[in-house]
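Report on the following structure.
For reference, positions follow the sequence shown, starting with 1. Predicted model only: the values in this text are computed from it and were never measured.
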Amino acid sequence: MITSSVLVAGIGNIFLGDDGFGPEVMRRLPAHLAGPGVRLCDYGIRGVHLAYDLLDGWDSLVLIDALPCRDRPGALHVFEADRESLSSASGLDAHAMDPAAVFASLRALGGAPPYTVVIGCEVASVADGIGLSEAVAAAVPDAVAAVEAAVAQLSTAVKEG
């Protein structure tokens, strides 16, 4: 069995309240999760950096991000990203930091997005300020567990070849 390479990427702006969800989850991940074939990185607002790193040919990406509030702040969602619709935007934007902008930048650089699992949390507020709301902070431990489960599943997947 060949193990897959997995990039775990936290994204978000710690200066915009709950938008700092991704970086906070990354801060809480156990160090032992990184190892051969698994890289952990808090990209913050560096979307172009993430796009360039994805050019290295990762088999899969676990993306941790804040999500718009649709129902209840603090609700955690784990889903496969639709890489085609997320990367349909055009151009390279060094200042944008959302999955669609990252994948569009990656395509503009000549790459293609890997299989992507998103672990996201619905926000309560993205107003100026440091620190997560109570509801989003309460979701962080479950998000850490979801990242660990996703990495375990993705890093042992057999590559077709």
Side-chain angles (χ1 to χ4, degrees), residues 3-54 56 58-87 95-106 113-157:
T3 59
S4 295
S5 59
V6 181
L7 176 60
V8 179
I11 61 174
N13 187 335
I14 64 168
F15 298 110
L16 294 177
D18 289 341
D19 195 50
F21 174 75
E24 181 61 21
V25 172
M26 293 304 297
R27 192 175 73 77
R28 302 262 190 102
L29 289 175
H32 69 80
L33 192 58
V38 178
R39 179 174 171 214
L40 309 177
C41 189
D42 175 6
Y43 286 91
I45 58 171
R46 298 171 297 141
V48 172
H49 184 182
L50 173 55
Y52 273 107
D53 282 354
L54 288 171
D56 290 339
W58 295 92
D59 295 313
S60 53
L61 170 66
V62 176
L63 194 59
I64 308 155
D65 195 10
L67 301 175
C69 189
R70 293 197 174 125
D71 184 28
R72 59 187 161 85
L76 194 64
H77 301 277
V78 179
F79 57 94
E80 178 183 345
D82 179 355
R83 297 171 288 166
E84 294 308 313
S85 67
L86 282 177
S87 61
H95 302 290
M97 188 62 224
D98 61 60
V102 171
F103 288 164
S105 295
L106 177 61
Y115 175 82
T116 302
V117 173
V118 176
I119 298 172
C121 182
E122 293 184 31
V123 300
S125 173
V126 290
D128 288 348
I130 297 176
L132 302 178
S133 66
E134 188 176 316
V136 172
V140 170
D142 289 339
V144 168
V147 171
E148 290 178 300
V151 168
Q153 181 180 8
L154 294 169
S155 65
T156 60

Sort and list the pairs that fulfil side-chain hydrogen bond (donor to acceptor under 3.5 Å, both in side chains) and have at least one residue in residues 119-129, not counting sequence neighbours. His77-Glu122
Which heavy-atom pair separates Ala81 from Val118 by the least distance, and what is that distance? CB-CG2, 3.9 Å
Where do Cys41 and Arg46 come nearest, in terms of heavy atoms and distance? SG-NH2, 4.3 Å
For residues 31-45, which residue pairs qualify under salt bridge (charged side-chain N to carboxylate O under 4.0 Å, His left out), counting only residues two or more places apart or in two chains? Arg39-Asp53
With salt bridge (charged side-chain N to carboxylate O under 4.0 Å, His left out) as the rule and sequence neighbours excluded, what pairs involving residues 6-16 come up? none
Rounded distance (nearest 0.5 Å) linking atom [atom1] of [X] with atom [atom2] of [Y]:
X	Y	atom1	atom2	answer
Leu50	Leu61	CG	CG	6.0 Å
Asp65	Ile11	CG	CD1	3.5 Å
Leu29	Ile64	CG	CD1	5.5 Å
Thr116	Phe103	OG1	CZ	3.5 Å
Leu40	His32	CG	NE2	10.0 Å
Ser60	Leu7	OG	CG	8.5 Å

Within-4.5 Å side-chain heavy-atom neighbours: Leu54 and Pro114: yes
Can you list the residues that meet the side chain to side chain contact (heavy atoms under 4.5 Å, CB included) rule with Ala149, with sequence neighbours excluded? none
Hits for side chain to side chain contact (heavy atoms under 4.5 Å, CB included) against Ile14, two or more places apart or cross-chain, chain-then-number order -> Pro23
Within the side chain of Asp19, is there an N or O that forms a donor-acceptor pair under 3.5 Å with the backbone of Asn13? yes
Side-chain (Ser5) to main-chain (Asp59) donor-acceptor, under 3.5 angstrom: yes
Would you be so kind as to tabulate the donor-acceptor pairs closer than 3.5 Å made by side chains of residues 131-148, with sequence neighbours excluded?
residue: Ser133; atom: OG; partner: Asp18; partner atom: OD1; Å: 3.1
residue: Ser133; atom: OG; partner: Asp18; partner atom: OD2; Å: 2.9
residue: Ser133; atom: OG; partner: Val136; partner atom: N; Å: 3.4

side-chain contact (heavy atoms from CB on, under 4.5 Å) assessment of Phe21 paired with Leu76: CA-CA 11 Å; Phe21 174 75; Leu76 194 64; 3.9 Å; yes
Run the side-chain contact (heavy atoms from CB on, under 4.5 Å) test on Phe15 and Ile130 for me, step by step, so that the C-alpha distance in whole Å, both residues' side-chain angles and the decisive distance to 0.1 Å come before the verdict. CA-CA 5 Å; Phe15 298 110; Ile130 297 176; 3.6 Å; yes
